[in-house]
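My questions will all concern the structure given below.
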Amino acid sequence: MLLLSYQAAAQTLTLPALIEQTLATSAAALQARAAREGGYWAYRAYQANYRPQLTLAGTVPNFSRIITPVVQPDGTTEFQSVRINNSLLGLGLSQNIGLTGGQVVIGSQVQRFDDFARSQKRYNNQPFTLGLTQPLGYFNALKWNRRIAPLLYQESQRQYLEDREALARRVTELYFDVLLQQVNAAVAGQNAQATAELLRVGREKYALGRLSQSDLLQLELNLLDAQQAQTQARLDAESAAVSLRTYCALPGATDTDGAVPPLAVPTPAPALAVVPAEALGQARQHRAATLAFQRRQLQAAQDVAQARGTTGFLATLTANLGYVNQAPYLLDSYSALQNQQQVALAFSLPLVDWGRRRAIVRTAELARDQTQAIVTQDERSFEQTVLTQAAQVPALAGQARLAARADTLAQRRYAITRATYEAGRLSLTDLTLASAAKDLARRSYILALRAGWVGYYRLRGLTLFDFETGQPLVAD
């Protein structure tokens, strides 16, 4: 990583170095990395739901000393002092069944009861239990998570790449905003210096009677205008630099002056020969949006399934088998084990709900249909955006070449016009027009460079593909 030093005022910053610095230290880059890490850990949590979970649970100790009412054999009630400890410790291994939404549990449990008033001790031991809980008719969240969670994870990883390209594009925009103002300040300074020199020559000509008083006054007005433009350009450059330094988290971003070192004028963006159809194919293959389209439709279908799975007939099948025994001593509780079985089916069936279930399901279905329509429109917009940007890349490169040529010609024309004016063969109006054309050509060139580089990073962000190397973008 190239470290940027701001101690030397004459040091020049370059666009690639500034993008690299911003990707490493800026708040936007840190947020992008945090979002990617969040997607990764959410995916890890999803995977854990389908793996065995080993749990140790219990209540140790569970001591109580109270006076409680006790019903006697003759029906009367006596209040007796009770001092007991009822501790419980269990070990369970559970496994979710993603296909059905049920759960299998293998466990072992031991319970100890102490009656301190009567000096009694008992153990209730369940050395092995096998249980099954199976919802019937309920919404199966595990099934839908298996379809949606991987898409969310891949989407977060692709979104990180898009965020990096968006960050590079934003840095490029801010970079050229500052560069344009610095160019304006430099041009204004050159114009002020040139105008001052022309005023000096004009006064000499006026003293010799070769320049009218009107032209001399115009030269003085030109100098005042140039000086005002120079001051305003410096203020604009400082204002634009504040945004650049803040966004890029550059050292000294909290300084009150807001100044940045001079920015180097980048070379034109690479002239890419991009076929729009190829760009669209790469975008469909690598962009997070293509996964988001699929994920949004799945989530809409999930909402319909959830509406159906929380209304109507619902039941839960519970089955449990194992061994159990009780004894005064722990080791004795493992002998002569007895079988235990339990099967239960709990259900609910609404008989009269006044159309509630139908309304809930229909609302979810309409939301699903609406989502599908929106996704279809978003897909079309996505495709059109990629095709348009891919088609504009060659045009932007051509504009940069034309702007560079126009800048060169305008500079040469101004030099010739100024020499001709100083020789007395052109009017001041011609010189002013040539100067304005020179300044406009320089600004147009900077703006053409800006459009080319912004389009370059925009195409990379839209396709997540590097057309220079012919390779898809990868995360660091």
R362: what forms a salt bridge (charged side-chain N to carboxylate O under 4.0 Å, His left out) with it, not counting sequence neighbours? E365
Is the shortest side-chain N to carboxylate O distance from R296 to D378 below 4.0 Å? yes
Output all residues satisfying side-chain contact (heavy atoms from CB on, under 4.5 Å) with W354, sequence neighbours left out; order by chain, then residue number. V352
According to side-chain hydrogen bond (donor to acceptor under 3.5 Å, both in side chains), who are the partners of Q411, at least two apart in sequence or on a separate chain? D407
Determine whether the aromatic ring centres of Y43 and Y46 lie less than 6.0 Å apart. yes
Short side-chain to backbone donor-acceptor contact, S26 and L23, under 3.5 Å: no
Salt-bridge contact D303-R368 (side-chain N to carboxylate O under 4.0 Å): no
What pairs with Q392 under side-chain hydrogen bond (donor to acceptor under 3.5 Å, both in side chains), at least two apart in sequence or on another chain? none
Going by the rule ring-ring contact (aromatic ring centres under 6.0 Å, His included), which residues pair with Y456 if we only count those two or more places apart in sequence or in a different chain? W453
Residues passing the side-chain hydrogen bond (donor to acceptor under 3.5 Å, both in side chains) test with Q299, sequence neighbours excluded, are R295
Contacts of Y247 that satisfy ring-ring contact (aromatic ring centres under 6.0 Å, His included) - sequence neighbours left out: none
So, using ring-ring contact (aromatic ring centres under 6.0 Å, His included) as the criterion, who are the partners of F382 when residues are at least two apart? F293
Carboxylate-amine/guanidinium contact E155 R158, below 4.0 Å: no
Partners passing side-chain contact (heavy atoms from CB on, under 4.5 Å) against L56 (at least two apart in sequence or in another chain): L89, L91
I need the full list of salt bridge (Lys or Arg N to Asp or Glu O under 4.0 Å) pairs touching residues 277-290, with sequence neighbours left out, sorted by first then second residue. E162-R287, R284-E383
Output all residues satisfying side-chain hydrogen bond (donor to acceptor under 3.5 Å, both in side chains) with Q232, sequence neighbours left out; order by chain, then residue number. D236
Residues passing the salt bridge (charged side-chain N to carboxylate O under 4.0 Å, His left out) test with R203, sequence neighbours excluded, are E220
